[in-house]
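We count ligands from 1, going down the list as the structure has it; atoms in each ligand are counted the same way. The chain is numbered in sequence order, starting from 1.
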Amino acid sequence: MKKVFIVANWKSNKITKEARKWIEDLSNSNFNFMDFKEIIICPSFSLLSSVKLGIQEIIGQKLKIKVGAQDISQFDEGAYTGGVNGRQIKELADYVIVGHSERRNNFGEDGKIVNEKISKALKYNLIPILCVSDMKQIHDSRLVIHNSNFIVAYEPTFAIGTGTPDTPENADKMAKNIKEILGEIPVLYGGSVSKFNIKSFTQMSYIDGALVGRASLDVKEFATIIQNA
Ligand code: PGA
């Protein structure tokens, strides 16, 4: 059975007590034994530490669950006000989302910055979850991720937060194209994934999981997504 990754991207949402409640509620959900599913929770930087602790204390071994950051500074430690660097993130997380279209579009991150961020993630042994919305972005980052441990999420911008996902067939074709260029790496689909459509994506041959935004904020919906994946 293929390994399935389900990544929760909370974006700029939740405060500590809400995150804690979400973890408690997830822990109380009824899961069947699901060793082949890897769950990754990506909260804001301000929540990373409490989410990591909450998972250890509340969920423990019940569910294979890891923590990821939503961004990483393209710089190392030093005089970079507001930057959160790879060494700091590595204390709290195993994964980091890089190149999300919301960062490319709202924070002016171009291919060069995305590549610098990938390099920093790899330098600190964080696994980058590289988000791309088209094949050009794959080609732009191809050389930086070559031969390393990383995940790609195909997220067409028209599908993000709109309630209109891509078709599983098209997403699968993209995943196939991405693997042809980058090799046998996990490729996820992201964009309006819900408990109703998750299976239609994860059952495709080349798709190894999903990056879930809005639907990950509601713990009941997210638990059902994990169950249905
Ligand atoms: P969405 O977001 O699930 O709310 O469409 C996905 C994402 O941006 O990662």
Side-chain angles (χ1 to χ4, degrees), residues 4-14 18-19 22 26 37-45 47-48 51 65-72 89 93-109 113-114 117-118 121 126-135 137-138 141 150-172 174-175 178 185-204 207-229:
V4 174
F5 294 84
I6 305 294
V7 185
N9 176 9
W10 283 356
K11 307 191 179 183
S12 193
N13 291 289
K14 296 195 190 295
E18 294 160 353
W22 188 99
L26 186 70
K37 294 182 188 174
E38 177 148 333
I39 317 304
I40 304 165
I41 312 298
C42 303
S44 302
F45 285 131
L47 299 173
L48 270 180
V51 166
I65 182 160
K66 296 267 170 66
V67 178
Q70 293 176 15
D71 184 33
I72 179 171
I89 296 170
D94 295 302
Y95 291 87
V96 59
I97 296 174
V98 181
H100 192 286
S101 60
E102 286 157 8
R103 295 220 51 98
R104 294 181 195 256
N105 299 335
N106 301 320
F107 296 87
E109 291 186 9
I113 295 178
V114 169
K117 291 188 170 199
I118 295 169
L126 290 157
I127 301 175
I129 303 172
L130 170 64
C131 298
V132 297
S133 43
D134 53 41
M135 290 310 286
Q137 291 175 351
I138 283 289
S141 293
F150 67 101
I151 294 174
V152 168
Y154 161 60
E155 300 208 306
T157 42
F158 70 80
I160 296 180
T162 58
T164 308
D166 203 345
T167 63
E169 293 71 24
N170 195 51
D172 200 47
M174 282 296 290
I178 291 169
I185 44 116
V187 178
L188 318 184
Y189 167 73
S192 299
V193 169
S194 71
K195 63 184 173 190
F196 300 112
N197 63 24
I198 178 73
K199 189 73 192 173
S200 68
F201 291 103
T202 53
Q203 74 186 4
M204 301 306 283
I207 297 176
D208 304 289
L211 182 45
V212 187
R214 192 166 34 185
S216 72
L217 295 175
D218 180 295
V219 72
K220 276 208 193 94
E221 167 111 16
F222 189 66
T224 314
I225 287 174
I226 297 174
Q227 198 68 56
N228 292 353

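- For ligand 1, the polar-atom distance check finds an N/O of Gly213 within less than 3.5 Å of one of the ligand's N/O atoms.
- Arg214 has its side chain out of reach of Lys11: every pair of non-hydrogen atoms, C-beta onward, lies at least 4.5 Å apart.
- With ligand atoms numbered from 1 in the order given, ligand 1 contributes 7 (C), 8 (O), 9 (O) to contacts under 4.0 Å with heavy atoms of His100.
- With a heavy-atom cut-off of 4.0 Å, Ser216 does not touch ligand 1 at all.
- With hydrogens left out, the protein atom closest to atom 9 (O) of ligand 1 is Glu155 OE2, 2.8 Å, a heavy atom.
- Every N/O-N/O distance between Thr162 and ligand 1 stays at or above 3.5 Å.
- With respect to Asn170, the side-chain hydrogen bond (donor to acceptor under 3.5 Å, both in side chains) criterion is satisfied by exactly one of Asp166, Asp172, Thr167: Asp166.
- Using a 4.0 Å cutoff on heavy atoms, Gly190 does not count as a contact of ligand 1.
- Residues His100 and Gln70 bring no donor and acceptor atom of their side chains to less than 3.5 Å of each other.
- For Ala159, the heavy-atom gap to ligand 1 drops under 4.0 angstrom.
- Proximity of Asn9 to ligand 1, defined as any heavy-atom pair under 4.0 Å, is confined to the side chain (atoms from C-beta onward).
- The environment of CZ in Phe158 is crowded: more than 12 heavy-atom neighbours from other residues, nucleotides or ligands sit within 6.0 Å.
- For the ligand labelled ligand 1, residue Gly161 lies inside the 4.0 Å heavy-atom shell.
- Listed by number with element, the atoms of ligand 1 under 4.0 Å from a non-hydrogen atom of Gly191 are 5 (O).
- Side-chain contact between Phe150 and Val98 is absent, with no heavy atoms from C-beta onward closer than 4.5 Å.
- Closest approach of Ile40 and Gly68 over heavy atoms only: CG2-N, 4.0 Å.
- The Arg214 neighbourhood of ligand 1 comprises atoms 1 (P), 3 (O), 4 (O), with distances under 4.0 Å to a heavy atom of that residue.
- Ranking the protein heavy atoms by distance from atom 2 (O) of ligand 1 puts Lys11 NZ, 3.2 Å first.
- In terms of heavy-atom proximity, Val114 sits nearest to Gly99 at CG2-CA, 3.9 Å.
- Summarising the geometry, atom CG belonging to Asn228 is positioned 9.0 Å from atom CZ belonging to Phe196; distances are rounded to the nearest 0.5 Å.
- With ligand atoms numbered from 1 in the order given, ligand 1 contributes 1 (P), 3 (O), 5 (O) to contacts under 4.0 Å with heavy atoms of Ser192.
- For the pair Ile178/Ile185, a side-chain contact is recorded, criterion being any heavy-atom separation below 4.5 Å from C-beta on.
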